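Note sheet for the following structure.
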Amino acid sequence: MKKNKIFEDIVHGIFLILGLITVGCVVLITIYLIISGLPAIKEIGLINFLFGKQWASTAAEPKFGILPFILTSIYGTSGAIVIGVPIGFFTAVYLSKVANKKVRNIMETSVNLLAGIPSVVYGLVGMLILVPAIRKIFKVPDGASLLAAIIVLAIMILPNIIKVSITSLDAVPKEYEDASYALGASSTETFFRVSVPAAKSGIAAAVVLGVGRAIGEAMAVMMVAGNVANMPSLFQSVRFLTTAVSSEMAYSSPGSLQRNALFSIALVLYIFIMLINATLNFFLKRDKEK
Amino acid sequence: MKKIIRLLTVMLLLLSVLAGCTNKPEEKGSVATDGSTSMSKVIGALGEAFERETGITVTYNATGSGAGISAVLEGRCDIGLASRNLKQEEIDKGLVGTVLAYDGIAIIVHPDNPINDLDLETIGKIYTGEITNWSEIGGEDATIVVIGREAGSGTRDGFEDITKTKDKCVYRQELTSTGDVITTVASNSAAIGYASVASVKDTVKAVTVGGVAPTEENIKNGSYVVQRPFVLVTKKDTKLSDSAQKFFDYMISEKARKIISDTGVVPAN
């Protein structure tokens with residue numbers, strides 16, 4: 001009996017360690033980012049850093065203003081949400097409430113497949129098809145632009161939005177809908193007056209999740225956005241927070257102000273993502289309490 | 001009791017993780033190099049291969065050509081790296097430059113572009129935004145799409161150096177790899193870009209610069225001007241340490257040729 005107990009305790013200990021590894025990683029990354037991100041902000045000045053409109057990290061007189069990156073990330077993500085959420089939302093309503101089993105199976109499989117495509121593939125397809133297409137359709141000299149990034153991001157966040165929305169729509173008790181039908185409502189009225197409001201915090205969580213995915217994406221965006229530190233405009237070449245870090249990291253020399261400033265950008269991005277996560281938690285918690 | 005056992009297990013496991021970190025490889029001497037950031041790729045590849053063969057570690061400090069040269073002068077490193085020829089005053093101070101390789105940069109356009117030749121000045125004007133339409137230089141009526149590399153890239157540094165457009169370039173796209181530049185130029189008939197000569201493919205057209213084509217031969221004899229030498233800088237009358245001499249000999253040996261050309265530059269020897 002005693003022996004058994006020791007064994008149990010050992011197993012619990014192992015689980016505890018495995019759990020601590022995850023927590024440890026988060027703590028380590030947070031501390032590391034803060035430590036390596038603060039010096040450059042101190043040197044450049046918080047206001048100059050966050051609201052400076054010019055980024056020229058390797059010029060003779062370097063400038064480190066990341067406002068173009070922040071605005072690009074916000075515009076790009078909002079654009080992706082504006083395009084992606086309606087498509088994803090209606091797809092989810094259709095799959096959860098209207099579609100028959102066979103259609104739903106096929107469509108859900110393809111949504112899952114879409115989620116599994118690596119971002120570099122999205123980027124490649126965007127670079128070879130979307131960018132030239134934008135150039136031809138809108139008659140601009142070059143298609144690599146904020147618009148291209150928005151479209152790629154909108155497609156990338158679709159699976160997240162669809163899957164989470166379906167889960168929350170499926171969780172709406174059938175009795176609610178039956179009651180609505182019994183009162184003489186049509187099925188469209190039932191979906192939008194009963195099912196969707198009942199699932200709204202889940203759907204909100206889906207949107208926030210989409211925002212998180214869009215703002216953190218680097219690879220695909222880097223391949224279609226052009227990466228010039230311009231202030232954002234739809235047909236201009238732009239640089240996101242993520243791509244600002246990844247495009248210059250390889251060549252910046254360790255310890256230089258440029259490298260430190262890249263860490264500071266990462267810190268800003270990290271804070272953005274933390275805020276998004278906090279919002280997500282808020283929605284999920286509210287959902288649970290109900 | 002339960003808690004103590006749990007704690008002990010945790011500690012034991014942590015210890016076993018840490019135990020793996022104590023073995024350090026034996027030091028066999030090292031070579032310090034210092035200088036041009038553009039040479040990081042070539043020195044990195046050579047250093048890695050050399051280390052694998054001999055066990056001597058090669059350190060590389062990316063400080064810039066000027067800083068590398070003064071580091072050699074002051075004896076702070078074994079071999080200095082410069083991506084330009086030594087100036088007369090530097091030679092007078094007792095430094096010797098050995099050309100390791102030539103970095104040729106091809107100016108590429110879409111294959112359908114009727115332009116076949118540009119001179120250095122025109123290239124500079126295109127990149128600084130003085131010339132914005134191909135029709136201004138005898139091409140079709142289309143806005144020139146200027147493609148370049150990200151800040152800090154050796155190719156960008158070299159290109160802007162040679163065309164004297166440092167910090168003045170107005171790019172439409174800044175891409176992070178040679179491959180991306182080539183793909184982008186290949187898919188846009190109004191684009192112009194630059195890339196290492198070695199990596200240019202048939203999907204794009206490398207224009208002649210002042211009538212000279214970017215061939216290996218023209219780069220070596222200096223007639224193709226969008227190029228610069230990668231120079232190893234040493235002191236004339238100070239002997240290199242044994243390991244540094246070994247690395248030096250290795251770099252200019254026949255064996256290193258392939259490693260050097262794999263990094264996209266033309267070996268000098």
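Just so you know, these numbers use all the heavy atoms, side chains as well, and skip hydrogens, waters and symmetry mates. Chain letters run A, B, ... following the sequence lines, proteins first, then strands; residues in each count from 1. Model, not experiment: these values are computed from the prediction.
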Next item on the list: Measure B/A142 against the heavy atoms of chain A and call it side chain, backbone, both or neither at under 4.5 Å.
Entry: neither

Margin query: Just checking A/K42: does its NZ atom have more than 12 heavy atoms from other residues, nucleotides or ligands closer to it than 6.0 angstrom?
Written below: no

Next item on the list: Measure A/S247 against the heavy atoms of chain B and call it side chain, backbone, both or neither at under 4.5 Å.
Entry: both

Checklist line | Over 12 foreign heavy atoms within 6.0 Å of OH, A/Y75 | finding: no

Check: Hey, does A/M127 have a side-chain heavy atom less than 4.5 Å from the side chain of B/D180?
Finding: yes

Check: Heavy-atom count around B/D202 CG within 6.0 Å, excluding the residue itself: above 12?
Finding: no

Next item on the list: Check each atom of B/S177 against the heavy atoms of chain A and say whether the ones under 4.5 Å are side chain, backbone, both or neither.
Entry: neither

Next item on the list: Can you measure from CE (A/M223) to OG1 (B/T184) and round to the nearest 0.5 angstrom?
Entry: 8.5 Å

Next item on the list: Mind ranking A/Q236, A/E248, A/R135, A/R239 by heavy-atom pairs under 4.5 Å with chain B and telling me who comes out on top?
Entry: A/R135

Check: Atom NZ of A/K63 and atom CG of B/D167: how far apart are they, to the nearest 0.5 Å?
Finding: 9.5 Å

Next item on the list: For atom CD of B/E136, decide whether the heavy atoms of other residues, nucleotides or ligands shown that lie under 6.0 angstrom number more than 12.
Entry: yes

Check: Can you tell me if NZ on B/K41 sees more than 12 non-hydrogen neighbours from other groups inside 6.0 Å?
Finding: no

Note to self: Tell me the closest heavy-atom pair linking B/T143 and A/P141, and the distance in Å.
What the structure shows: CB-CB, 3.8 Å

Check: Does the side chain of A/N227 come within less than 4.5 Å of B/E150's, by heavy atoms?
Finding: no

Margin query: For the residue pair A/D142 / B/Q173, report whether a side-chain donor-acceptor contact shorter than 3.5 Å exists.
Written below: yes

Checklist line | chain B contact via A/A144 - which portion, at a heavy-atom distance below 4.5 Å | finding: both

